[in-house]
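Reviewing the structure listed below.
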Amino acid sequence: MRFELRNGNIPTMPEDRLSNPEVRVRFAPSPTGYLHVGGLRTALYNCLFARKHHGVFILRIEDTDRTRLVEGAVENLIQSLRWAGLDYDEGPGKDGPYGPYVQSQRLAIYRERADYLLQTDHAYRCFCTSERLEAMRKSIEKSKQSFKYDRTCLGLPESEVVKKVQDGVPYTIRMRVPDHTTVAFCDLVRQDVEINTANIDDQILIKSDGYPTYHMANVVDDHLMQISHVIRGEEWLSSTPKHVLLYRYFGWQPPAFAHLPLLLNPDRSKLSKRQGDVAVEDYRAKGYLSEALVNFVALLGWNPGDDREIFDRSGLVQEFSIERVNKAGAIFNLEKLNWLNEQHLRAKPSGELREWLREMLPDSGAAFSDDYLDHAIRLLRERISFPQDLLRLGSYFFQDPTTYDPEGIRKRWKEDSAAWLATLVSKMETVEAFTSEGLEVIYKEIASSLGVSNSELIHPTRLAISGLAGGPGLFELMEVLGRDTVIRRIRRALAVLSGVG
RNA sequence: GUCCCCGUCGUCUAGCUCGGCCUAGGACAUCGCCCUUUCACGGCGGUAACACGGGUUCAAAUCCCGUCGGGGACGCCA
């Protein structure tokens, strides 16, 4: 027997799906603590797909495992999604016509559907204890066979089932999977996939605590919420036949499926906490811009087909297409993320960088004018990778140096440096315009009158006023810092460094 | 172990549907050079890949088969 679903009630070609006037997609995380970057990518693709096709993006909370509930996880999830700019149209706190959007609030619906399956003989009660199942699993593991429930409870006489239920014996409800049947479905990413039910066991649909398993809840909700496309991680690929079977049992048309390639650790295993940060909030805390993180995960498994790599959200919506999603898993590699972060950061308007800077500065940088801060940002812009670099790399814009880079001293502070700087200072005191251009002229004049190279004056000056050996162009820097600050710092450096060199 | 999915530079990938335009393109990283008072930015250039073996064909990264490798699933988790 062949259970052919390919040409029946399920449209096979992607075009059939893409022309669906009513695109409804969902991101359906379980609230176990935080938003995983893999989840972010799944949510993003769903959102992009919805926006691209003027459809609806839904957030559904899959909280059917009471043992893994984490306090505040839903709020955290929503916050991370919002930070990433992924706003949903229906979901918790945003009611739509298909709510509630939290599975623990939909128990009666699952129960009703389970009863229907029981009545139509597509499911049966199972009284086996988890201990028995566990023992079976162990012995089968030894013999290196694959585990399948042995259907002990399928053969139970009706009278016995009734009696056990009356006696209050806990039970689960299992779906009845047909023998030796090929289930085929079309995946938008992988084309046709088929699997024989010989390798599928009678999946539990309702747990003994009355909650549904993912498989049950996911199918019921996707149908009732009229989800048109299920876009989810590849880890679900091998259980999709079970879902297809359930749609069949219910007489429902399945949605289109698109299984996204996994995000991988550097060793190519499924991305996990052990090998680095996986929570969106971790990246946020480190100073990654949401634009950069979103841009980065978008490119992990998808590309626009040309050389463009820097995208903002609207660009992604415009270019995204599910057909261009790759099949192979992608390593979550920080190097490119860092580069993207720099690109997005450096493209930021000055005002936004200034506000961040104020947040990092004591007293919100009350001592500094917007104008001053903007000048500092102009000089720092091309040198930063993270917002906090504004402070880390540019501390000298906000306070006098307290130490001098030893390597800089060794390389640049010569025996005569102090004397030369003293000459420069006296000139600076009297010069009319303390500007970049004017200072450059002075340095050139004094260098030639002293018979030294320009850089023999420039480097010690930089060291004296910034404490560092590198940074923005010296004359621009001096102009921004201003005459008083520059002279004060050089004098202090002279006092500290006069014995050196 | 079983089933499913996948396999182009170190990494992300283009090219594969409709074989020839591919002595395989781009980006990140890396190395070198240039620009330059420094650090960066920027520019230029280099190293670097079609997993392997068969087959089909005048022609294969592209089609077919096999092998190997990697991953995922195999939970009263999702």
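It should be emphasised that the depicted structure is a prediction, and the values quoted were computed from it without experimental measurement. So you know, we letter chains A, B, ... as the sequences are listed, proteins then strands, and number each from 1.
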Strand partner of [N], provided both Watson-Crick or wobble distances fall under 3.5 Å:
N: B:rA61; result: none
N: B:rG45; result: B:rC31
N: B:rU17; result: none
N: B:rC22; result: none
N: B:rU67; result: B:rA51
N: B:rC39; result: none

Quote, to the nearest angstrom, the [atom1] distance that separates [N] from [M].
N: B:rG53; M: B:rG45; atom1: P; value: 34 Å
N: B:rG7; M: B:rC12; atom1: C1'; value: 15 Å
N: B:rC22; M: B:rC33; atom1: P; value: 32 Å
N: B:rA78; M: B:rA14; atom1: P; value: 34 Å
N: B:rU62; M: B:rA49; atom1: C1'; value: 16 Å
N: B:rG72; M: B:rC50; atom1: P; value: 25 Å
N: B:rA59; M: B:rC41; atom1: C1'; value: 47 Å
N: B:rG69; M: B:rA27; atom1: P; value: 35 Å

Report, as yes or no, whether the 6.0 Å neighbourhood of atom CZ on A:Arg176 holds more than 12 heavy atoms from other residues, nucleotides or ligands.
->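 No - once you tally the heavy atoms of other residues, nucleotides and ligands closer than 6.0 Å, there are 12 at most.
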Take atom CD of A:Glu134 as the centre, draw a 6.0 Å sphere, and report whether it contains more than 12 heavy atoms from other residues, nucleotides or ligands.
->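 Yes.
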Quickly work out the [X] [atom1] to [N] [atom2] distance and round it to whole Å.
X: A:Arg190; N: B:rG7; atom1: CZ; atom2: C1'; answer: 13 Å
X: A:Asp307; N: B:rU13; atom1: CG; atom2: P; answer: 15 Å
X: A:Gln275; N: B:rG71; atom1: CD; atom2: P; answer: 11 Å
X: A:Asp389; N: B:rC41; atom1: CG; atom2: C1'; answer: 15 Å
X: A:Glu134; N: B:rC77; atom1: CD; atom2: P; answer: 12 Å
X: A:Trp302; N: B:rA27; atom1: CH2; atom2: C1'; answer: 14 Å
X: A:Lys411; N: B:rU37; atom1: NZ; atom2: C1'; answer: 12 Å
X: A:Leu474; N: B:rU37; atom1: CG; atom2: C1'; answer: 8 Å

Salt-bridge contact [X]-[Y] (side-chain N to carboxylate O under 4.0 Å):
X: A:Arg151; Y: A:Asp179; result: yes
X: A:Asp150; Y: A:Arg132; result: yes
X: A:Arg308; Y: A:Asp306; result: yes

At under 4.0 Å between heavy atoms, what does [X] touch on the DNA or RNA strands: base, sugar-phosphate, or nothing?
X: A:Cys128; value: base
X: A:Arg68; value: base
X: A:Tyr214; value: base
X: A:Pro241; value: nothing
X: A:Gly408; value: nothing
X: A:Thr213; value: sugar-phosphate
X: A:Thr461; value: nothing

Answer yes if the side chains of A:His459 and A:Arg462 hold a donor-acceptor pair under 3.5 Å, and no otherwise.
->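 No, no side-chain donor-acceptor pair sits under 3.5 Å.
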Regarding A:Ser385 and A:Asn341, is there a side-chain donor-to-acceptor distance under 3.5 Å anywhere?
->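 The criterion, which ignores hydrogens and geometry beyond distance, is not satisfied for A:Asn341 and A:Ser385.
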Specify the residue among A:Glu382 and A:Ser455 whose closest nucleotide of RNA chain B lies further upstream toward the 5′ end.
->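 Looking at the nearest nucleotide for each, A:Ser455 comes out on the 5' side.
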On RNA chain B, nearest-nucleotide positions of A:Gly305 versus A:Ile195: which is more 5'?
->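 By nearest-heavy-atom nucleotide position, the 5'-most residue is A:Ile195.
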Less than 4.0 angstrom between a side-chain N/O of [X] and OP1 or OP2 of [N], yes or no?
X: A:Asn303; N: B:rU13; result: no
X: A:Asn326; N: B:rU13; result: yes
X: A:Lys327; N: B:rU8; result: no
X: A:Lys270; N: B:rA73; result: yes
X: A:Arg268; N: B:rU11; result: yes
X: A:Lys242; N: B:rA73; result: no
X: A:Arg324; N: B:rG15; result: yes
X: A:Arg137; N: B:rG75; result: yes

Should the side chain of [X] and the base of [N] be counted as holding a donor-acceptor pair, with the cut-off at 3.5 Å?
X: A:Arg383; N: B:rC39; answer: yes
X: A:Lys336; N: B:rA27; answer: yes
X: A:Ser238; N: B:rC4; answer: no

Apply the test side chain to side chain donor-acceptor pair (under 3.5 Å) to residues A:Tyr101 and A:Asp221: give CA-CA distance (whole Å), side-chain angles for both, the deciding distance (0.1 Å), then the verdict.
-> CA-CA 9 Å; A:Tyr101 296 92; A:Asp221 285 347; over 6 Å; no
Which nucleotide in the set [options] lies at the smallest distance from any side-chain heavy atom of [X]?
X: A:Val193; options: B:rG72, B:rC5, B:rG26; value: B:rC5
X: A:Ser130; options: B:rC76, B:rA78, B:rU38; value: B:rC76
X: A:Asn333; options: B:rU38, B:rC76, B:rU11; value: B:rU11
X: A:Asn199; options: B:rU2, B:rG72, B:rC41; value: B:rU2
X: A:His459; options: B:rC41, B:rU38, B:rC6; value: B:rU38
X: A:Ile331; options: B:rA78, B:rC76, B:rC12; value: B:rC12

Is the cationic atom of A:Arg41 (NZ for Lys, CZ for Arg) positioned less than 6.0 Å from the six-membered ring centroid of A:Tyr45 and within 45 degrees of its normal?
->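 The answer is yes; both the distance and angle limits are met.
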Please find out if less than 6.0 Å separates the ring center of A:Tyr214 from that of A:Trp236.
->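 For A:Tyr214 and A:Trp236, the ring centres are under 6.0 Å apart.
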